[in-house]
Amino acid sequence: MNGFFDEYGGKYVAEVLRRPLDELEVAFNEAMKDTSFLEELDIIRRDYIGRETPLYFAPTATRLLGGAQIYIKLEGLANTGAHKINNAIGQCLLAKRMGKKRIIAETGAGQHGLATAAACAKLGLDCTVYMGEVDVRRQQPNVAAMELYGATVHPVTSGSRTLKDAVNEAMRDWAANPDTTHYVLGSALGPAPYPDMVREFQSVIGREVEKQCRDRNIQIGAMVACVGGGSNSIGFFEPFINKKEPRLIGAEAGGIGPDVGQNASRMTGNASRDGILQGYKSRFLLDADGQALPTRSISAGLDYCGIGPQLAALGKSGRVEFTSVLDKEALEAVRFFAKNEGILFALESAHAGAAAMKIAKEIPSDKAVIINMSGRGDKDVFITSPVFRREQWLSFLHTEIERLESQKDIHEAL
Ligand SMILES: *Cc1c(COP(=O)(O)O)cnc(C)c1O
């Protein structure tokens, strides 16, 4: 474990960040051997996150798709609604063990900020979340939740005022305050040791799947997960990476098409290049000058120009297959699993659902395809409603504005 995965990974950072990263690596390796740390983490996973999460057999989807048995790992039932809490709790508990009282995090859509804010509230840590000003405006429900959890949301006004700039700002803060502060990075990327550390905290998903399948005698043919930065997928795949089977499949955001700016397909897209950005070497969507290209996806969580270095290496070696799923295919998967199984996928996770729908027939009926439902779809009502029921949604929003304006006095009195 030298921080590299074949040629990808590494620790390409300014001198000021080397010491905090090295200290973090030592502290993490120590904590993972400390049984009292691991016991405390297990109890929080059980009682606060709600683990283990169910492995659900989807009978109607299995019948309709024909072929493999369809199973869904219901990671979206975790407290706060997605897998991100696994990493946030792990890193915050580690920060506490290191004697840090202050946590910072970056967030794009707000999901990682929300998970970190909740973890800090639970563990009694001070929390500041860096978020691009554009994202603050677009993602008010998550900003509201972070503030309820007691976090300070700090709008970032540099650059494109989105996720990439929030990461830069968080790194700057950490470089200035390394002794008091831990930076909770939200996916399995960034400089070493983050890719290893985030994978370890998320591998609880894969270890549960392995045990659930062993206990129930389920033969796995393929495992499918969506890939933003790559934390839910690498944690889900982890126990199986060094084996020949099952097939491991990562679903990237195909957005609205193959052209530059229309998707976030870092492994399968035609603007995919090797590069070094934000502290690590990996596959990115870059222009000819090595500048990050704009990305697009209906799912805010898959909308990032880079992918974790371990997944980049596993894609190159062929152990993980990558496929790209269009916005409209993800929406169709949301509808399919909601109607046929009573399960509402997050738009991100629906990319995995859609990829599984495409390959189910390739796999014999005595084997399972396991979909990681990384999050539940309640959070997406502002995105799915304008697509599924545009007129009613517009009318609802108009009525809401009128209602709120007429009730100003009541709200002020509360
Ligand atoms: C953030 C997010 C993702 C993408 O992040 P990964 O690091 O690739 O897992 C996927 N699903 C949900 C529900 C998310 O919130």
Side-chain angles (χ1 to χ4, degrees), residues 10-21 24 84 88 91 102-117 120 126-147 151-191 194 198 228-229 253 260-261 264 266 271 273 275-297 299-308:
K11 198 185 285 181
Y12 297 88
V13 294
E15 204 51 45
V16 280
L17 279 176
R18 290 204 158 255
R19 188 177 54 89
L21 284 168
L24 179 60
K84 290 211 169 70
Q91 285 198 43
R102 177 171 178 265
I103 296 295
I104 56 172
E106 86 295 344
T107 201
Q111 297 297 113
H112 171 58
L114 184 146
T116 305
C120 287
D126 182 72
C127 182
T128 298
V129 178
Y130 288 99
M131 187 172 192
E133 196 182 42
V134 171
D135 292 326
V136 170
R137 214 169 311 132
R138 294 194 282 218
Q139 307 287 350
Q140 275 300 308
N142 282 339
V143 175
M146 285 184 257
E147 289 183 355
T152 304
V153 178
H154 189 108
V156 175
T157 55
S158 56
S160 57
R161 292 171 290 147
T162 57
L163 175 58
K164 186 163 53 67
D165 314 290
V167 172
N168 291 338
E169 208 54 43
M171 294 229 181
R172 211 164 292 149
D173 180 324
W174 199 31
N177 305 290
D179 295 333
T180 56
T181 301
H182 172 64
Y183 174 21
V184 178
L185 208 131
S187 193
L189 40 68
Y194 285 104
V198 176
V260 165
R266 292 80 29 98
R273 287 193 170 81
I276 296 173
L277 219 69
Q278 301 196 312
Y280 65 108
K281 180 172 180 189
S282 193
R283 297 294 284 176
F284 295 91
L285 292 177
L286 301 175
D287 67 17
D289 297 329
Q291 298 297 310
L293 286 167
T295 53
R296 191 192 182 288
S297 169
S299 64
L302 303 186
D303 194 1
Y304 182 63
C305 67
I307 184 171

- Message: Within the structure provided, determine whether I104 and V129 are in side-chain contact (heavy-atom separation under 4.5 Å).
- Response: no
- Message: Can a donor-acceptor pair be found, under 3.5 Å and without considering hydrogens, that links the side chain of T295 to the backbone of A264?
- Response: no
- If you round to the nearest 0.5 Å, how far is CG of N142 from OG1 of T107? 7.0 Å
- Of all heavy-atom pairs between A117 and A151, which one has the smallest distance, and what is that distance? CB-CB, 3.7 Å
- Verify, without hydrogens or angle tests, whether H112 (side chain) and V184 (backbone) share a donor-acceptor contact under 3.5 angstrom. yes
- Are the side chain of D126 and the backbone N or O of I103 linked by a donor-acceptor pair below 3.5 Å? no
- Spatial distance of atom CZ (R266) from atom SG (C305) [nearest 0.5 Å]: 8.5 Å
- Task: Give, for atom CG of N177 and atom CZ of R172, the distance between the pair rounded to the nearest 0.5 Å.
- Result: 13.0 Å
- Query: Which is it for F284 and R273 under the side-chain contact (heavy atoms from CB on, under 4.5 Å) test, yes or no, and what are the steps along the way?
  - Reply: CA-CA 5 Å; F284 295 91; R273 287 193 170 81; 5.9 Å; no
- Message: Test your reading of the model: is there a side-chain donor-acceptor pair from S299 to the backbone of G301, 3.5 Å cut-off?
- Response: no
- Item | Considering all heavy atoms, the nearest A145-L114 contact | CB-CD1, 3.6 Å
- Query: Taking all atoms of both residues into account, what is the closest heavy-atom pair of G306 and L189, and its distance?
  - Reply: O-CD2, 4.4 Å
- Query: If every non-hydrogen atom of L185 is compared with every non-hydrogen atom of V198, which pair is closest and at what distance?
  - Reply: O-CG2, 4.2 Å
- Message: I'd like to know whether Y194 forms a side-chain contact (heavy atoms from CB on, under 4.5 Å) with Y183, so could you lay out the CA-CA distance, the side-chain angles of the two residues, the decisive distance to 0.1 Å, and finally the verdict.
- Response: CA-CA 10 Å; Y194 285 104; Y183 174 21; 3.7 Å; yes
- Item | Residue pair T181 / R102, side-chain donor-acceptor N/O under 3.5 Å | yes
- Message: Can you tell me how far apart CE (M146) and OG1 (T116) are? Round to the nearest 0.5 Å.
- Response: 9.0 Å
- Message: Please tell me whether Q91 and H182 have a donor and an acceptor in their side chains that are separated by less than 3.5 angstrom.
- Response: yes
- Message: Using every non-hydrogen atom in the two residues, find where G108 and M131 come nearest and quote the distance to one decimal.
- Response: O-CE, 3.5 Å
- Kindly indicate, with the supporting measurements, whether the criterion side-chain contact (heavy atoms from CB on, under 4.5 Å) is fulfilled by Y130 and D173. CA-CA 10 Å; Y130 288 99; D173 180 324; 2.6 Å; yes
- Query: So how far is it from Q139 CD to Q111 CD, rounded to the nearest 0.5 Å?
  - Reply: 8.0 Å
- Query: Taking atom types as modelled and ignoring hydrogens, do the side chains of D165 and S160 form a donor-acceptor contact shorter than 3.5 angstrom?
  - Reply: yes
- Message: Treating D289 as the side-chain partner and Q291 as the backbone partner, does any N or O pair qualify as donor plus acceptor under 3.5 Å?
- Response: no
- Message: On a heavy-atom basis, which atom in A253 and which in L302 lie closest, and how many Å separate them?
- Response: CB-CB, 3.9 Å
- Which is it for W174 and L24 under the side-chain contact (heavy atoms from CB on, under 4.5 Å) test, yes or no, and what are the steps along the way? CA-CA 12 Å; W174 199 31; L24 179 60; 4.2 Å; yes
- Do any N or O atoms from the side chain of D287 and from the backbone of G290 form a donor-acceptor pair under 3.5 angstrom? yes
- Message: How long is the straight-line distance from CD of E106 back to CD of Q278, given to the nearest 0.5 Å?
- Response: 9.0 Å
- Polar side-chain atom of S282 near backbone of I307 as donor-acceptor pair, under 3.5 Å: yes
- Task: Check whether any side-chain heavy atom of V156 sits under 4.5 Å from a side-chain heavy atom of E133, and report yes or no.
- Result: no
